[in-house]
There are 2 protein chains.
Amino acid sequence: MVTARKAILIGEAIGKIMSDVPTGEVERISLMNASGRYLAEDLIANADVPAFDRSLYDGYAISAEDTKLATTECPIEFEVVGHIGAGAVFHGEMKEFQAVRIMTGAEVPKNCNAIVMLEHVKELKNEGRHFIAIDEQIPINEKIFKKGSEISEGTLLVKKGARITPGVMGLLATFGYSEVLVGVKPKVGVLATGSELLEVNEPLAPGKIRNSNSFMLMAQIEMQGAQPIYLGKLEDDLERSYTTVEHSLKQVDLLITTGGVSVGDFDYLPEIYNRLGAEVLFNKIAMRPGSVTTVAKVQNQFLFGLSGNPSASFIGFELFVKPVLKTLLGNMEPYLISHKAILAEEFPVPNAYTQLIRTKVKVEGTKLFVSSNGLNMSSSITSLVGAEALVVLPPSDVGYEIGCVVDFLLLSEEGQKDCHFTI
Amino acid sequence: MVTARKAILIGEAIGKIMSDVPTGEVERISLMNASGRYLAEDLIANADVPAFDRSLYDGYAISAEDTKLATTECPIEFEVVGHIGAGAVFHGEMKEFQAVRIMTGAEVPKNCNAIVMLEHVKELKNEGRHFIAIDEQIPINEKIFKKGSEISEGTLLVKKGARITPGVMGLLATFGYSEVLVGVKPKVGVLATGSELLEVNEPLAPGKIRNSNSFMLMAQIEMQGAQPIYLGKLEDDLERSYTTVEHSLKQVDLLITTGGVSVGDFDYLPEIYNRLGAEVLFNKIAMRPGSVTTVAKVQNQFLFGLSGNPSASFIGFELFVKPVLKTLLGNMEPYLISHKAILAEEFPVPNAYTQLIRTKVKVEGTKLFVSSNGLNMSSSITSLVGAEALVVLPPSDVGYEIGCVVDFLLLSEEGQKDCHFTI
């Protein structure tokens with residue numbers, strides 16, 4: 001009646017998925033719309049930064065050598081022979097003991113090699129001529145941002161696959177990329193299964209719950225930079241469910257289902273995979289929550305069969321769907337980042353499977369501590385709110401004590417610090 | 001010629017800004033579009049979760065008392081008298097030693113108080129009747145997710161002002177919020193100043209640089225959940241600049257300018273504030289970069305005069321604009337989160353002003369380390385890419401040694417771990 005399934009390890013499951021992910025498509029879009037997208041080409045400096053010796057302050061450009069003998073007692077006077085606003089260029093010739101008034105960001109004139117700030121000179125007018133007095137020796141290159149000193153032309157600045165954050169956006173603008181090649185947002189379909197599911201606008205009824213996973217998953221997909229497509233619910237009828245899945249696959253790049261992958265009487269997905277001729281990569285993982293997570297492939301198309309339980313579904317997305325989406329978007333480091341922290345709570349119960357505990361990461365002093373964020377159950381939804389990471393507890397006969405050093409996987413998108421969960 | 005400005009402390013500057021921020025507007029939108037928005041009302045549980053005693057597994061619902069004498073040698077038989085799929089409800093009456101087949105998530109029938117998993121029973125058919133054999137004692141409440149055990153009706157789950165992350169999205173759906181009250185995205189205008197600025201699609205020319213700050217700021221505004229509006233560049237003409245600012249203020253909730261706030265000959269903003277009758281909250285802060293940052297108010301409208309230098313402009317946004325945007329969006333904790341870390345680099349130069357160093361946060365073992373992320377200059381753009389935090393170095397006559405414990409402020413949006421900066 002119940003077919004035994006072979007549980008594989010989390011790493012093995014990820015390996016099977018990632019061994020053959022297709023290349024994502026790319027498109028060229030306006031920089032104005034590129035925030036949050038993923039670079040589909042390396043960002044290489046096409047010019048020096050600065051592109052010329054630039055004044056760092058409002059002041060006077062001079063030759064540093066001319067200040068060699070300047071002291072408070074014996075200031076040296078310079079005649080001001082020009083004025084350069086930012087964006088302007090001084091074309092005159094400069095002689096000894098001459099200065100040019102210069103604004104922040106302007107190009108330092110030839111023959112000048114130092115800037116004296118406005119605040120550090122004394123201004124003098126004499127018969128319509130304009131002088132400044134400098135009362136200290138000024139070092140060469142003082143207050144000058146030298147050509148190429150920040151970036152030299154040809155430098156690889158940001159790699160293909162990086163997300164376009166505000167800093168990357170600024171760099172793209174600096175180098176004149178008014179259009180930028182980015183990964184096309186993969187279309188990710190979400191299909192819920194289960195006759196207990198009500199739509200979000202329906203009133204509660206005996207035995208029923210609302211379809212919350214679809215909304216959660218769509219938010220996860222969107223935050224990952226992909227395009228979520230809600231495909232509704234599968235009915236408790238194998239024929240119609242099969243047709244819906246087959247039709248759905250034509251509309252999307254990859255398909256996520258929630259529920260229907262276990263051994264229950266209405267868990268039709270295993271049979272649907274069979275009819276589709278899909279290759280089932282695995283249908284059981286040695287982890288909790290989410291042991292029933294199933295991943296199948298029809299040609300190049302992934303079908304992610306996530307658990308119907310909220311925590312299991314959320315974690316299944318983070319561990320298995322996210323690296324595929326990142327890879328499709330060109331990201332070379334698609335996996336969750338792992339760090340170590342100190343357990344601030346005991347987990348005394350032995351477990352044959354690896355446990356993934358939703359956690360906040362607390363910083364005390366300069367150290368990191370983790371403990372569970374609400375109810376540690378597959379069916380829990382509250383434990384996801386404000387969860388910043390997943391603590392990884394490998395199988396153990398004795399459980400884990402307070403103070404153990406454990407690994408955790410960072411969930412960058414959910415862990416918004418401004419979310420105040422109060423349970 | 002140069003008017004002395006009084007530098008105030010960072011905290012004092014933030015205090016002046018935050019002492020009077022208007023309340024933001026709210027709107028009701030479809031849950032489908034609410035990901036990443038800010039809740040404008042508390043999210044309160046309008047039902048228990050679970051709303052009924054729910055089966056955690058596919059199995060059989062029984063009365064635990066009936067298994068009291070069950071052993072491997074002497075299993076006890078139960079007659080299966082019904083079948084409940086998820087979403088269905090069992091309406092029959094149950095007698096002793098009877099069981100109902102039940103699927104994960106379904107409502108546990110009255111008179112039952114335990115679930116035995118499918119995998120743990122032996123199925124028997126006898127003259128068309130269906131029996132199961134149980135060979136161990138089952139505890140009361142086994143594999144049942146009790147009504148209200150995760151959330152009880154009336155609980156405050158997420159506070160007004162929290163961002164709608166995937167977990168919050170799932171909670172909203174759970175409680176049937178098909179529409180949700182969120183903060184209206186504040187309209188934030190961005191105006192660049194400086195005749196040295198080229199548009200991003202213009203070729204480089206002597207003395208010129210491209211307008212990179214506007215793109216960076218627009219990405220910062222967008223990531224914060226507000227609506228950026230690019231208003232172009234101010235010209236180097238006071239009259240026309242004044243008209244542009246006056247006109248811009250009518251289109252936006254708040255206005256950011258970059259550049260033009262220093263003491264240079266074309267820094268018109270101080271005079272523009274004067275003509276607008278704006279109250280200048282401060283025009284110098286004891287910090288580097290960004291000491292010239294100026295904030296003014298015309299009635300209820302903020303004018304943020306950020307520096308024209310990229311790092312100074314970025315930091316000015318994070319410290320001074322972001323808490324205003326968060327407050328407008330209803331967030332009760334609008335400030336950057338501060339933690340402590342160990343300096344992995346020395347900063348030997350004395351500084352009279354507080355320094356804010358762009359940094360990545362490294363985790364080694366379970367401890368946090370910080371060091372500068374690229375060139376530590378106001379004019380640097382590369383140091384922003386991949387920066388995860390700002391190290392705060394208060395004024396010091398001797399600088400800071402490796403190993404010092406210092407504060408840092410977390411920059412949640414920029415610090416995307418998947419950004420690979422290679423300089």
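Remember, it's a predicted structure, so these values are computed and weren't measured experimentally. Convention: sequence-line order gives letters A, B, ...; per-chain numbering from 1. Hydrogens, waters and symmetry mates play no part in the numbers below; they use all other heavy atoms, side chains included.
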* Tell me, side chain or backbone of Ile381(B) under 4.5 Å from chain A's heavy atoms, or both, or neither? -> both

* Measure the OG1-CZ distance between Thr366(B) and Phe369(A) for me, rounded to the nearest 0.5 Å. => 7.0 Å

* Side chain, backbone, both or neither: which part of Ile342(B) has a non-hydrogen atom closer than 4.5 Å to chain A? -> both

* Mind listing the closest non-hydrogen atom pair of Ser212(A) and Ala173(B) along with its distance? => CA-CB, 3.6 Å

* Structure fact -> With chain B, the option among Pro203(A), Ala51(A), Gly207(A), Gly365(A) that has the most non-hydrogen atom pairs under 4.5 Å is Gly207(A)

* Asked: Does a side-chain heavy-atom distance below 4.5 Å link Leu157(A) with Val385(B)?
  -> no

* For the atom pair OG (Ser378(B)) and CG (Leu56(A)), what is the distance rounded to the nearest 0.5 Å? -> 8.0 Å

* Measure across Tyr230(A) and Met32(B) and return the closest heavy-atom pair with its distance rounded to 0.1 Å. => CD2-CE, 3.8 Å

* Using non-hydrogen atoms and a 4.5 Å limit, figure out which bit of Pro310(B) sits close to chain A: side chain, backbone, both or neither. => neither

* Please assess Ile151(A) against Thr382(B) for the test side-chain contact (heavy atoms from CB on, under 4.5 Å), listing each intermediate value before the final yes or no. => CA-CA 8 Å; Ile151(A) 305 170; Thr382(B) 49; 3.2 Å; yes

* Asked: Who among Gly85(B), Ala34(B), Pro228(B), Ser379(B) has the most heavy-atom pairs with chain A under 4.5 Å?
  -> Ser379(B)

* **Distance in Å, Ser35(B) OG paired with Met223(A) CE, rounded so as to fall on 0.5 Å steps** => 4.0 Å

* Asked: How many angstroms lie between atom CZ of Phe145(A) and atom CG of Leu375(B), to the nearest 0.5 angstrom?
  -> 5.5 Å

* Just do the side-chain contact (heavy atoms from CB on, under 4.5 Å) check on Leu31(B) and Val200(A) with the steps written out, would you? => CA-CA 9 Å; Leu31(B) 185 60; Val200(A) 71; 4.0 Å; yes

* Structure fact -> Honestly, the part of Asn201(B) sitting under 4.5 Å from a heavy atom of chain A is both

* **Residue selection (most heavy-atom pairs with chain A, distance under 4.5 Å) from Gly87(B), Gly36(B), Ser380(B)** => Gly87(B)

* **pair Asp267(B)-Asp58(A): side-chain heavy atoms closer than 4.5 Å** => yes

* Structure fact -> Whatever's closer than 4.5 Å to a heavy atom in chain A on Ala106(B) counts as neither

* Asked: So which part of Phe215(B) gets closer than 4.5 Å to some heavy atom of chain A, the side chain, the backbone, both or neither?
  -> both

* Side chain to side chain, Pro166(A) and Phe314(B), heavy atoms closer than 4.5 Å -> yes

* To do: Determine, stepwise, if the pair Val363(B) / Phe408(A) fulfils side-chain contact (heavy atoms from CB on, under 4.5 Å).
  => CA-CA 12 Å; Val363(B) 187; Phe408(A) 68 89; 5.7 Å; no

* Asked: If you measure from CG on Leu198(A) to OG1 on Thr174(B), what distance do you get to the nearest 0.5 Å?
  -> 11.5 Å

* To do: Heavy-atom distances under 4.5 Å only: say whether Met377(B) touches chain A with side chain, backbone, both or neither.
  => side chain

* Structure fact -> CG (Leu384(A)) and CE (Met169(B)) are apart, to the nearest 0.5 Å, by 14.0 Å

* Show the numbers, then the answer: is there a side-chain contact (heavy atoms from CB on, under 4.5 Å) between Glu107(A) and Glu196(B)? => CA-CA 10 Å; Glu107(A) 183 168 340; Glu196(B) 76 275 29; over 6 Å; no

* Contacting moiety of Leu197(B), where chain A heavy atoms sit under 4.5 Å -> neither

* **Interchain contact, Leu204(A) with chain B, by part (heavy-atom threshold 4.5 Å)** => side chain

